[in-house]
A.B. asks: 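Take a look at the following structure, please.
Reminder, nothing fancy here: chain letters follow the sequence lines and each chain counts from 1. On a predicted model such as this, the values are computed, not experimentally measured, just so you know.
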Amino acid sequence: MNTLLVILGPTGVGKTELCLNIAEKLYTPIISADSRQLYKALPIGTAAPTAAQQQRVPHYFVGQLELSDYYSASQFEEDVIALLPWLYQDHATVLMAGGSMMYIDAVCNGIDELPTIDENLRKDLLRQYKEEGLEPIRNQLRLLDPDFYHQVDLKNYKRVIHAVEVCLMTGKPYSSLRTNSKKQREFNIIKIGLFRDRDELYKRINLRVDQMMEAGLLEEARNVYPFKGLNALNTVGYKELFSYFEGEYDLNSAIEKIKQNSRIYSRKQMTWFKRDPEITWFHPAEEAKICEHLRNIHHIGI
RNA sequence: GGUGCCAUAGCUCAGUUGGUAGAGCAACGGACUGAAAAUCCGUGUGUCCCUAGUUCGAUUCUUGGUGGCACCA
C-alpha cells in the first residue's frame with residue numbers, strides 16, 4: 001500500500017527546510033497543505049517556498065490561485081485525492097507538509113458530502129446578518145434544524161449561517177448530513193508533528209516577521225490592498241498592514257500586531273494538533289531521528 | 001529648593017462614603033466537518049509604593065519617606 005507522510009506543525013516552527021530534505025531523500029514531491037500559500041500574490045507574507053526551493057523539490061498547491069478564486073478545505077480534499085494516484089505511479093511515499101489544520105484533516109479523514117453554497121444565498125444571509133444581526137438567522141436555524149441549533153455555538157455567525165445555507169440548499173437538516181465518520185483511504189497515513197518550546201518558537205516567529213518586512217511584505221500588501229475584502233486577504237500579515245494603510249496603526253504597531261497574531265495563530269494550531277493521537281512529535285532539528293522513526297516503525301526506505 | 005497632583009493586574013486606568021478590588025488591552029486555556037492564517041468561547045490574588053499612627057478593621061483617613069509628573073524659584 002502507498003503512504004502519505006504528513007509533516008505538520010505551527011507557523012514558524014521550521015517545516016520548510018526539513019521537508020525539503022526529507023522529500024529529497026524520498027524522491028517525492030511536496031503537497032503543500034497551506035490555505036494561504038495557495039495564492040499567487042502572497043509569497044512573502046505566507047512564507048511560501050521560493051523558486052529555488054521549488055526547483056529542489058516540486059510543490060503542488062503553491063501559488064496557483066488568484067485572490068478572487070474560491071477555495072475550501074473540501075476542494076483541497078478533492079484535489080489531493082485526485083492527484084495522489086498519479087503521484088503513486090512513481091512514488092510509493094508522498095509527502096504532504098503544512099499547517100492548515102482543517103486542510104490536513106480533510107485529506108486524512110474526509111469531510112461530509114455537502115452542497116457548494118450558492119454565492120447569492122451566502123450574500124443574502126450575510127447582508128441579513130449585517131443589517132439585522134444573527135438573531136433572525138438563529139431563529140431560522142431553530143426551525144430548519146432544531147438538533148443542530150442545540151449543538152452549535154450560537155454566537156459563531158459563520159457556523160450558524162453555514163448550517164442555514166446547507167439546510168436551504170438541500171431541503172434537509174444540516175445535522176442529518178453530518179456523518180461523524182472518518183473516510184477510509186486507499187493509502188497509509190503517517191503523521192509527524194514538529195514542535196519547539198514556546199520561547200524558541202516565539203523568537204523565530206518575531207524574527208521571521210522582521211525578515212518578511214525586509215523582503216518587501218509592505219509592498220506586497222500594498223499591491224493587494226485594492227482587493228482587501230476578499231477572504232484570501234483575511235490573513236495575518238496583510239490585515240494588520242491594511243490597518244496601517246488606513247491610519248489605524250503606525251507602521252511599528254502594525255508589525256508588532258503581525259507578530260502577536262502570528263503567535264496566537266501558532267497556539268491555535270497547537271491546540272488543534274495536540275488532541276490528535278496519531279501524531280508523533282519531533283523537534284525540527286531531529287531529522288536523523290525522524291528518518292529512523294520512519295524506517296523502524298513504518299518501514300519506509302529512507 | 002518650594003508647591004501641587006499621582007502611585008491599584010504585564011500595560012492603560014476605574015473603584016472602595018474604612019469591611020483586602022474590577023474594566024479594556026495583553027497573556028493563557030478551549031472549540032472547530034465545504035470561508036479555517038477564518039470564526040467563536042472561557043480564565044482576573046494583585047505585597048492596592050514603603051513606613052508609622054488612628055481604628056475592632058486601612059488599599060481607602062493622618063504622619064513621615066521613596067519614585068514619577070507639572071508649575072514656581
A.B. asks: For the side chain of A:Asn234, counting heavy atoms from C-beta on, which of B:G34, B:C40, B:U39 is nearest?
C.D. replies: B:U39

A.B. asks: Please report, rounded to the nearest Å, how far the P atom of B:C25 is from the OH atom of A:Tyr249.
C.D. replies: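 Rounded to whole Å, this separation is 12 Å.
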
A.B. asks: When all nucleic acid strands are considered with a 4.0 Å heavy-atom cut-off, which category describes A:Lys274: base, sugar-phosphate, or nothing?
C.D. replies: sugar-phosphate

A.B. asks: Going by atom types only, do A:Thr11 and A:Arg208 share a side-chain donor-acceptor pair under 3.5 Å?
C.D. replies: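 A pair is found: one side chain offers a donor N or O, the other an acceptor, under 3.5 Å apart.
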
A.B. asks: Using purine N1 to pyrimidine N3 plus N6-O4 or O6-N4 for Watson-Crick, or N1-O2 and O6-N3 for G-U wobble, each under 3.5 Å, what pairs with B:A36?
C.D. replies: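 Here B:A36 is not engaged in any pair, so there is no nucleotide opposite it.
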
A.B. asks: Rounding to an integer number of Å, can you tell me how far A:Asp118 CG sits from B:G34 P?
C.D. replies: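 After rounding, the reported distance stands at 17 Å.
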
A.B. asks: Pair A:His162, A:Arg122 - check side chain to side chain contact (heavy atoms under 4.5 Å, CB included), show working.
C.D. replies: CA-CA 8 Å; A:His162 187 241; A:Arg122 174 159 292 179; 3.7 Å; yes

A.B. asks: Does the structure show a Watson-Crick or G-U wobble partner for B:U66, both distances under 3.5 Å? Name it, or say none.
C.D. replies: B:A7

A.B. asks: Rounded off to whole Å, could you give me the NE2-to-C1' distance for the A:His162 and B:U39 pair?
C.D. replies: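 The answer, rounded to whole Å, is 13 Å.
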
A.B. asks: Please work out if A:Thr179 contacts a base, only the sugar-phosphate, or nothing of the nucleic acid, heavy-atom cut-off 4.0 Å.
C.D. replies: nothing

A.B. asks: Which of these nucleotides, B:C32, B:A27, B:G34, is closest to any side-chain atom of A:Ile264?
C.D. replies: B:A27

A.B. asks: Using the C1' atom in both, what is the distance from B:G15 to B:C72, to the nearest Å?
C.D. replies: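 That atom pair is separated by 33 Å.
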
A.B. asks: Below 3.5 Å, does any donor atom in the side chain of A:Thr271 face an acceptor in the base of B:G30, or the other way round?
C.D. replies: no

A.B. asks: Could a donor-acceptor pair under 3.5 angstrom be found where the side chain of A:Lys182 meets the base of B:U33?
C.D. replies: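 Under the 3.5 Å cut-off, the side chain and the base do not form any donor-acceptor pair.
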
A.B. asks: Closest approach to the side chain of A:Thr116, judged atom by atom: which nucleotide of B:A36, B:G34, B:G29 is it?
C.D. replies: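 Of the options given, the side chain of A:Thr116 lies nearest B:G34.
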
A.B. asks: Counting only side-chain heavy atoms from C-beta out, which of B:U33, B:U39, B:G29 sits nearest to A:Tyr157?
C.D. replies: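 Nearest to the side-chain atoms of A:Tyr157, counting from C-beta on, is B:U39.
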
A.B. asks: So what's B:C71 paired with, Watson-Crick or G-U wobble, going by both distances under 3.5 Å?
C.D. replies: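 With both distances under 3.5 Å, B:C71 matches B:G2.
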
A.B. asks: Please report the distance separating the C1' of B:A21 from the corresponding atom of B:U47, rounded so that it comes out in whole Å.
C.D. replies: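 Looking at atom C1' only, B:A21 and B:U47 are 15 Å apart.
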
A.B. asks: Please measure how far the P atom in B:G67 lies from the corresponding atom in B:C50, and state the result in whole Å.
C.D. replies: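 So the two P atoms sit 16 Å from each other.
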
A.B. asks: State whether A:Arg56 and A:Glu17 are salt-bridged, where the test is any N-O pair (Lys NZ or Arg NE/NH1/NH2 against Asp/Glu carboxylate O) under 4.0 Å.
C.D. replies: yes

A.B. asks: Using purine N1 to pyrimidine N3 plus N6-O4 or O6-N4 for Watson-Crick, or N1-O2 and O6-N3 for G-U wobble, each under 3.5 Å, what pairs with B:G22?
C.D. replies: B:C13

A.B. asks: How is A:Arg263 classified with respect to the nucleic acid when contacts are heavy atoms under 4.0 Å: base, sugar-phosphate, or nothing?
C.D. replies: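 Here A:Arg263 touches the backbone only, sparing every base.
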
A.B. asks: With a cut-off of less than 4.0 Å, is there a side-chain N or O of A:Tyr174 near OP1 or OP2 of B:G34?
C.D. replies: yes

A.B. asks: For A:Ile279 and A:Gly193, work out which heavy atoms get closest and say how close.
C.D. replies: CG2-N, 3.3 Å

A.B. asks: Indicate, with a heavy-atom threshold strictly under 4.0 Å, whether A:Leu42 touches base, sugar-phosphate, or nothing.
C.D. replies: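 It contacts nothing in the nucleic acid.
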
A.B. asks: Counting only side-chain heavy atoms from C-beta out, which of B:A26, B:G34, B:U39 sits nearest to A:Lys268?
C.D. replies: B:U39

A.B. asks: Considering only atom C1', compute the distance from B:C49 to B:A7 and round it to an integer number of Å.
C.D. replies: 6 Å

A.B. asks: Measure from CG on A:Asn156 to C1' on B:C40 and round the result to the nearest Å.
C.D. replies: 4 Å

A.B. asks: Check the hydrophobic clustering (I, L, V, M, F, W, Y; side-chain heavy atoms under 4.5 Å; chains of links allowed) and say if A:Ile104 and A:Ile30 are grouped together.
C.D. replies: no

A.B. asks: Do A:Leu65 and A:Tyr70 belong together in a cluster built from hydrophobic side chains that touch within less than 4.5 Å?
C.D. replies: no

A.B. asks: How far does the C1' atom of B:G4 sit from the matching atom of B:G10, given to the nearest Å?
C.D. replies: 31 Å

A.B. asks: With no hydrogens and no angle check, do the side chains of A:Gln269 and A:Tyr265 hold a donor and an acceptor under 3.5 Å apart?
C.D. replies: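 Yes - a donor-acceptor pair under 3.5 Å links their side chains.
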
A.B. asks: Who is the Watson-Crick or G-U wobble partner of B:A27, with both distances under 3.5 Å?
C.D. replies: B:U43

A.B. asks: Should A:Lys183 be listed as having a side-chain N or O under 4.0 Å from OP1 or OP2 of B:U33?
C.D. replies: no

A.B. asks: For atom C1', what is the distance between B:C6 and B:U45, given to the nearest Å?
C.D. replies: 25 Å

A.B. asks: With a non-hydrogen cut-off below 4.0 angstrom, is A:Tyr39 in contact with a base, only sugar-phosphate, or nothing?
C.D. replies: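 Answer is nothing: A:Tyr39 stays at 4.0 Å or more from every strand.
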
A.B. asks: Return the 5'-most residue of the pair A:Asp153, A:Pro115 with respect to RNA chain B, ranking by each residue's nearest nucleotide.
C.D. replies: A:Pro115

A.B. asks: So what does A:Gly45 hit on the nucleic acid, given a heavy-atom distance under 4.0 Å: a base, only sugar-phosphate, or nothing?
C.D. replies: base

A.B. asks: At under 4.0 Å between heavy atoms, what does A:Asn261 touch on the DNA or RNA strands: base, sugar-phosphate, or nothing?
C.D. replies: nothing

A.B. asks: Could you give the distance separating B:G19 and B:U66 at their C1' atoms, to the nearest angstrom?
C.D. replies: 29 Å

A.B. asks: Quick one: do A:Tyr88 and A:Glu186 satisfy side chain to side chain contact (heavy atoms under 4.5 Å, CB included)? Show the steps, please.
C.D. replies: CA-CA 11 Å; A:Tyr88 284 141; A:Glu186 305 285 304; over 6 Å; no

A.B. asks: Classify A:Phe76 by what it touches in the nucleic acid, base, sugar-phosphate, or nothing, heavy-atom distance under 4.0 Å.
C.D. replies: nothing

A.B. asks: Relative to the 5' end of RNA chain B, which residue comes earlier, A:Tyr265 or A:Gln260, by the nucleotide with the nearest heavy atom?
C.D. replies: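 Looking at RNA chain B, the more 5' nearest nucleotide goes with A:Gln260.
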
A.B. asks: Using the side-chain heavy atoms of A:Arg159, tell me which of these nucleotides is nearest: B:A31, B:A35, B:G29.
C.D. replies: B:A31

A.B. asks: If two hydrophobic side chains count as joined below 4.5 Å and joins carry through other members, does A:Val152 share a cluster with A:Leu125?
C.D. replies: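 Yes, it is one cluster - the side chains of A:Val152 and A:Leu125 are joined through contacts under 4.5 Å.
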
A.B. asks: Can a side chain N or O of A:Tyr71 be found less than 4.0 Å away from OP1 or OP2 on B:A35?
C.D. replies: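 Negative; the distance criterion is not met.
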
A.B. asks: How long is the line joining CD1 of A:Ile161 and P of B:C32, in whole Å?
C.D. replies: 20 Å

A.B. asks: May I ask you to verify if any side-chain N or O of A:Arg36 is less than 4.0 angstrom from the OP1 or OP2 atom of B:A36?
C.D. replies: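 Yes, such a contact exists.
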
A.B. asks: Side chain of A:Asn231, heavy atoms from C-beta onward: which of B:A35, B:G34, B:C41 has the nearest atom to it?
C.D. replies: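 Out of B:A35, B:G34, B:C41, the nucleotide with an atom closest to A:Asn231's side chain is B:A35.
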
A.B. asks: Specify the separation, in whole Å, of atom CD of A:Glu78 and atom C1' of B:U33.
C.D. replies: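 Distance check: A:Glu78 CD to B:U33 C1' gives 15 Å.
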
A.B. asks: When we call it a touch if two heavy atoms are under 4.0 Å apart, what does A:Phe148 touch: a base, just sugar-phosphate, or nothing?
C.D. replies: nothing

A.B. asks: What integer distance in Å separates A:Phe227:CZ from B:A35:C1'?
C.D. replies: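 Result: 19 Å.
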
A.B. asks: Counting the atoms with a prime plus P, OP1 and OP2 as sugar-phosphate, which does A:Tyr238 contact under 4.0 Å by heavy atoms, base, sugar-phosphate, or nothing?
C.D. replies: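 No contact.
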
A.B. asks: Taking the C1' atom of each, how far is B:A26 from B:C71, in whole Å?
C.D. replies: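 To the nearest whole Å, 35 Å.
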
A.B. asks: What is the separation between atom CD on A:Glu77 and atom C1' on B:A36, rounded to the nearest whole Å?
C.D. replies: 15 Å

A.B. asks: Do the side chains of A:Leu207 and A:Met212 join up, straight or via other hydrophobic residues, at under 4.5 Å, putting them in one cluster?
C.D. replies: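 Per the 4.5 Å side-chain linkage, A:Leu207 and A:Met212 are not co-clustered.
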
A.B. asks: Students often get this wrong, so: under 4.0 angstrom with heavy atoms, is A:Asp34 touching a base, only sugar-phosphate, or nothing?
C.D. replies: base

